[in-house]
Amino acid sequence: MTTTTENKKLTKAHIVVILLFIGSLFAYGYYEVVLKAKLNGATLIDNPTTKPIIVKIDGQEYKVPANSYVDVELALGHHKIDCEAYGLANQDLHLDPTEYGVINPTKSKYVIYNIIYTNKDLKDQFKPYEVEGKEIYSLLGEPIVTTDLFIPDGTLGKGNIDNKEPSSESYNKMNQDYAFLTKIFRLKDFFEFYDKNNK
């Protein structure tokens, strides 16, 4: 027979183990959701046009060369943006639900598309959609064309325009048929990517 003291020690040991396990899960979740994004994420002022632009955010001036972008550090939440060349004067800029993504002062067109990675033949499951007059096939819904002032990157830093799309992706453990990556493209870059990978 075990004594009451031994039972209490056993119970305390179990509680410590459970608390350590919960703490480990919390730390891993915090890393995945917060720290990993901070390590990998980027906030980019993009300029896909043929002329350089000057953008001010909260009074800070940024010179963005033609057909390029500038990486900036901005906090989540509300900001003010100016870009005289494109008629932005003290305009509201909301970085939400993440501060990472594309700031689009030129109001250019971008495409958000789900890239599929699979070894299976899933062609019959793809549906056709029209994107700027072209037929585009997608498995996970219609590609989104946007001119929003801020286009969030919800991928923990894998899907922004400064990230080259990977040639392969590990399969999603919840679905063994395929994995996917939600990627932001400049409109021209999207068509080039799609034509190259869908022959």
Side-chain angles (χ1 to χ4, degrees), residues 30-58 60-83 85-86 88 91-117 131-132 134 136 138 140-170 172 179-198:
Y30 183 78
Y31 167 76
E32 283 293 325
V33 174
V34 179
L35 294 180
K36 197 170 180 182
K38 292 210 176 283
L39 292 172
N40 298 322
T43 308
L44 307 173
I45 304 172
D46 192 38
N47 177 16
T49 71
T50 57
K51 293 182 179 178
I53 58 173
I54 295 175
V55 177
K56 288 183 182 176
I57 299 177
D58 300 333
Q60 173 72 45
E61 185 174 287
Y62 302 94
K63 294 177 182 176
V64 189
N67 199 34
S68 187
Y69 55 79
V70 172
D71 194 338
V72 296
E73 288 192 25
L74 296 172
L76 187 68
H78 181 80
H79 300 271
K80 291 289 186 178
I81 185 170
D82 297 90
C83 182
Y86 286 89
L88 298 179
Q91 183 143 349
D92 290 330
L93 172 66
H94 297 283
L95 305 190
D96 189 34
T98 174
E99 66 265 44
Y100 305 115
V102 177
I103 298 171
N104 180 19
T106 65
K107 293 302 193 106
S108 298
K109 290 182 180 179
Y110 293 80
V111 178
I112 302 170
Y113 182 72
N114 292 308
I115 303 170
I116 303 299
Y117 297 90
V131 176
E132 298 295 301
K134 295 187 178 184
I136 301 295
S138 175
L140 297 176
E142 185 172 3
I144 298 167
V145 178
T146 180
T147 59
D148 288 349
L149 185 56
F150 179 65
I151 305 159
D153 171 21
T155 68
L156 299 178
K158 294 180 182 176
N160 209 338
I161 59 169
D162 62 332
N163 297 111
K164 179 77 175 144
E165 60 283 346
S167 57
S168 64
E169 189 86 348
S170 59
N172 182 331
F180 72 94
L181 172 64
T182 304
K183 179 92 172 71
I184 304 169
F185 293 90
R186 291 175 175 175
L187 184 65
K188 178 177 174 285
D189 294 343
F190 171 70
F191 289 127
E192 287 176 1
F193 164 82
Y194 186 83
D195 291 344
K196 178 182 174 184
N197 291 279
N198 292 278

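All of these numbers come straight from a predicted model, not from anything done at the bench.
Applying the 6.0 Å contact sphere to NZ of Lys107 captures more than 12 heavy atoms from other residues, nucleotides or ligands. In the displayed structure, Glu61 atom CD is contacted under 6.0 Å by more than 12 heavy atoms of other residues, nucleotides or ligands.
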Before you tell me yes or no, could you show the steps for Thr43 and Ile103 under side-chain contact (heavy atoms from CB on, under 4.5 Å), namely the whole-Å CA-CA distance, both residues' side-chain angles and the distance that decides it to 0.1 Å?
CA-CA 7 Å; Thr43 308; Ile103 298 171; 3.8 Å; yes
Show, in sequence, the C-alpha distance, side-chain angles and deciding distance for Asp96 and Phe150, and conclude whether the side-chain contact (heavy atoms from CB on, under 4.5 Å) test is met.
CA-CA 9 Å; Asp96 189 34; Phe150 179 65; over 6 Å; no
Evaluate the side-chain contact (heavy atoms from CB on, under 4.5 Å) criterion for residues Leu74 and Glu99: first the C-alpha distance (whole Å), next the side-chain angles of each, then the deciding distance (0.1 Å), finally the verdict.
CA-CA 7 Å; Leu74 296 172; Glu99 66 265 44; 5.5 Å; no
With side-chain contact (heavy atoms from CB on, under 4.5 Å) as the criterion, how do Val70 and Val55 come out once you've worked through the C-alpha distance, each side chain's angles and the decisive distance to 0.1 Å?
CA-CA 10 Å; Val70 172; Val55 177; over 6 Å; no
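Side-chain atoms of Asn163 come within 3.5 Å of backbone N or O of Gly157 as a donor-acceptor pair. Judged by distance alone, the side chain of Asn47 and the main-chain N or O of Val64 form a donor-acceptor pair under 3.5 Å. Using modelled atom types, one side-chain atom of Lys183 and one backbone atom of Asn160 make a donor-acceptor pair closer than 3.5 Å.
Smallest separation of non-hydrogen atoms from Ile184 and Pro152: CD1-O, 3.6 Å. Across all their heavy atoms, Thr49 and Lys51 have their closest contact at OG1-O, 3.1 Å. Closest approach of Thr182 and Thr155 over heavy atoms only: O-CG2, 3.1 Å. The shortest heavy-atom contact between Pro105 and Ile81 is CB-CD1, 4.4 Å. Heavy atoms only, all atoms of each residue included: Gly159 and Asp153 are closest at N-OD1, 3.7 Å.
Lys188 has a carboxylate O that lies under 4.0 Å from a charged side-chain N of Glu192, or vice versa, which qualifies the two as a salt bridge.
Val111 has its side chain out of reach of Ile136: every pair of non-hydrogen atoms, C-beta onward, lies at least 4.5 Å apart. Contact annotation: the side chain of Asp58 approaches that of His79 to within less than 4.5 Å [non-hydrogen atoms, C-beta and beyond]. Here the side chains of Phe191 and Val131 are in contact, with some heavy-atom distance below 4.5 Å. Looking only at side-chain heavy atoms (C-beta outward), Pro48 and Thr106 come within less than 4.5 Å of each other. You'll find the side chain of Asn104 stays beyond 4.5 Å of the side chain of Tyr86, heavy atoms only.
When each of Asp189, Thr147, Asp148, Asp46 is checked for a side-chain hydrogen bond (donor to acceptor under 3.5 Å, both in side chains) with Tyr110, only Asp46 meets the rule.
The aromatic rings of Tyr194 and Tyr113 stand perpendicular to each other, their planes meeting at an angle above 60°, with 30° marking the opposite boundary.
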